Q: 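Quick one: the structure is below, questions incoming.
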Amino acid sequence: MASKLPQVAYFCMEYALDSTFKIYSGGLGILAGDYFKGVKDHGFPMVGIGIRWKQGYGEQHVDPATGKVFDAYRTGDHGFLEDTGVTVKVEIKGRPVHIKVWKVASFGVDSLYLLDTDLEANDGEARWITGQLYGWFGEERVAQEMVLGIGGVRALQALKIKPDVYHFNEGHALFAGFELIRRRMARGATFQDALARTREEVVFTTHTPIVQGNESHPIERFMYLGANLGLTRAQLKQLGGSPFNMTVGALRMSRIANAVAELHRVTANGMWKGVKGRCEIIGITNAIHHGTWVDPKMLDLAAKGRKDALWTRHMENKRKLIDFVEARNGVKLDPDALLIGFSRRAAPYKRSNFIFTDRSFIEPLLRSGKVQIVFSGKAHPLDDNGKVIVEDILEMTRLYPGRVVFLENYDMEIGALLTRGSDVWLNNPRRPKEASGTSGMKAAQNGVLNLSILDGWWPEACDHGRNGWQFGDGFESPRDAVLDKHDFKAFRKVLAEEVLPTYYQDRPRWVDMMVRSIQDTREAFGVKRMLDEYYARMYKRS
Ligand SMILES: *Cc1c(COP(=O)(O)O)cnc(C)c1O
């Protein structure tokens with residue numbers, strides 16, 4: 001029997017489609033954006049629901065006078081959005097909030113709908129609900145999520161789209177489930193029946209292995225805003241506990257959930273093992289959209305095994321990065337010296353300044369010009385610790401001028417340049433806190449060799465010394481100081497004894513590794529494999 005694929009409605013707070021369209025923050029948006037480009041390329045039956053963020057995510061710059069990091073918001077020009085003519089309403093804090101539905105049919109997607117409250121019909125506070133992505137944590141955040149979830153389900157109905165499956169990418173979309181339950185109860189179902197039926201059509205993806213990264217809210221906040229949609233305090237508590245944890249609620253409202261890599265599956269199942277009545281969490285590893293991130297010439301030359309031409313092409317990509325750095329920062333990097341790239345959100349577990357752990361090791365390599373490092377990354381606008389991490393890196397750029405560079409305001413453009421033009425892609429999170437990571441996949445498929453802790457996706461791809469390198473051997477410790485010390489020792493050994501000698505003394509072997517890196521990752525971490533897997537394992541009913 002030829003089975004028809006189910007129609008899916010995918011909900012996500014952010015989508016990274018293009019560096020000029022700032023309705024994304026980081027990895028979650030990159031994944032969702034690549035997902036929808038894959039949906040269009042390969043013709044999958046799926047629509048996306050997101051938000052048209054008026055100002056998007058904050059830009060982040062460095063004040064040249066003080067060396068301090070500051071945020072700036074800019075209102076986007078979204079004239080390219082198509083007007084669907086549809087508006088829906090959601091009651092928030094006792095008054096109706098009007099939501100306009102836009103369609104995106106550019107940047108390689110054609111089935112993505114964005115919700116917008118910045119309308120004349122709304123009061124000033126309501127107009128700002130879709131103002132800034134992740135701008136707030138409390139009441140305002142719940143209002144945003146009500147627009148996404150409740151507004152999203154109502155928008156689908158108004159657009160006459162009838163999904164077989166609702167996919168919540170992260171817990172932000174959970175109120176969509178409340179709306180599905182409310183509709184059933186309005187037709188006479190009991191809460192338990194409505195919940196059971198809703199569970200049959202909802203699936204969920206969890207992303208963060210950091211407990212604090214999993215949003216929670218006091219139940220009273222839901223009651224006050226009307227996010228409960230008629231559910232009682234006891235029913236809410238039954239779903240998400242008290243305070244209400246969005247991930248727990250989603251795990252209890254879904255028929256199946258997934259983590260975003262194999263190791264993350266193990267971590268997530270351990271993390272939520274005390275949650276009674278939750279669904280199973282399987283592993284589906286993230287992937288990337290080739291057209292967005294991968295130089296097609298590198299793919300082609302690797303497939304043909306044309307090693308000299310592949311190296312020449314890599315040097316062109318490296319030159320583009322070096323020119324960009326010069327134009328932005330006025331620093332001239334050396335095309336013949338090993339260039340290490342690193343760009344991450346500035347969060348403690350990602351250890352952005354790890355490479356400077358023991359300065360007596362890295363300093364001679366920097367001073368002699370054997371190693372140069374290009375950093376990029378942003379801190380969350382409300383995260384002062386993250387800003388201190390960025391300021392630490394800035395301090396290193398002053399200590400090692402011409403050798404250590406920081407590119408401010410990390411975005412898709414910088415992400416693409418760095419993962420094409422670096423020689424080595426460094427990734428040093430505290431295992432097992434990196435759920436997947438997609439920047440390393442971009443690097444690998446461009447022949448940029450990963451030098452990484454065995455975390456996220458890397459244990460699935462790493463063939464040490466053949467397509468990249470691992471360090472740390474998968475060691476874990478609940479004590480950060482112990483883990484950091486262990487990992488740094490492992491890192492310096494691999495850099496000194498394997499990476500540097502190969503780069504400077506065995507170029508043919510280096511190029512062999514580049515070819516293997518591309519060959520080993522292009523299918524396995526390409527968006528087609530990921531979408532096939534979501535349809536086969538998450539969306540299809542058994
Ligand atoms: C690829 C990318 C990410 C996600 O990369 P991680 O490996 O998860 O850190 C985040 N932001 C930008 C701009 C990217 O290009």
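Both ligands and their constituent atoms are indexed starting at 1 by order of listing. Along the sequence shown, residues are numbered consecutively beginning with 1. Since this is a predicted model, take the numbers as computed values, not measurements.
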Q: Does NZ or CZ of R522 come closer than 6.0 Å to the centre of the six-membered ring of F525, within 45° of the ring's axis?
A: no

Q: Please report whether ligand 1 has a polar contact with E434, defined as an N or O pair separated by less than 3.5 Å (distance criterion only).
A: no

Q: Report, in ascending order of atom number, the atoms of ligand 1 lying under 4.0 Å from any heavy atom of G27.
A: 4 (C), 10 (C)

Q: Using a 4.0 Å cutoff against the non-hydrogen atoms of R344, which atoms of ligand 1 qualify?
A: 9 (O)

Q: Give the numbers and elements of all ligand 1 atoms closer than 4.0 Å to a heavy atom of W293.
A: 15 (O)

Q: Check this for me, if you would: do D455 and R431 make a salt bridge, where the nitrogen-to-carboxylate-oxygen distance has to be below 4.0 angstrom?
A: no

Q: Within the structure, does K442 bring an N/O atom to less than 3.5 angstrom of an N/O atom in ligand 1?
A: yes

Q: For ligand 1, indicate whether the residue T438 contacts it via side chain, backbone, both or neither (heavy-atom separation under 4.0 Å).
A: both

Q: List the residues meeting ring-ring contact (aromatic ring centres under 6.0 Å, His included) with F324, not counting sequence neighbours, and say none if there are none.
A: none

Q: Which ligand 1 atoms are under 4.0 Å away from a heavy-atom of D411?
A: 13 (C)

Q: Counting heavy atoms only, name the option from S439, A347, S19, G415 that's nearest to atom 6 (P) of ligand 1.
A: S439

Q: Enumerate, atom names and distances included, each donor-acceptor pair closer than 3.5 Å involving a side-chain atom of residues 106-113, sequence neighbours excluded.
A:
from: S111; atom 1: OG; to: M46; atom 2: O; distance (Å): 2.9

Q: Compute the centroid of each ring, for Y35 and then for Y534, and state whether the two points are separated by less than 6.0 Å.
A: yes

Q: Measure the distance from atom 12 (C) of ligand 1 to every protein heavy atom, then report the residue, atom name and distance (to 0.1 Å) of the closest one.
A: Y410 OH, 3.3 Å

Q: Under 6.0 Å between ring centres: does that hold for Y539 and H167?
A: yes

Q: Measuring centre to centre across the rings, with the benzene-like ring taken for any Trp, is H172 within less than 6.0 Å of Y134?
A: yes

Q: Using a 4.0 Å cutoff against the non-hydrogen atoms of G437, which atoms of ligand 1 qualify?
A: 7 (O), 8 (O)

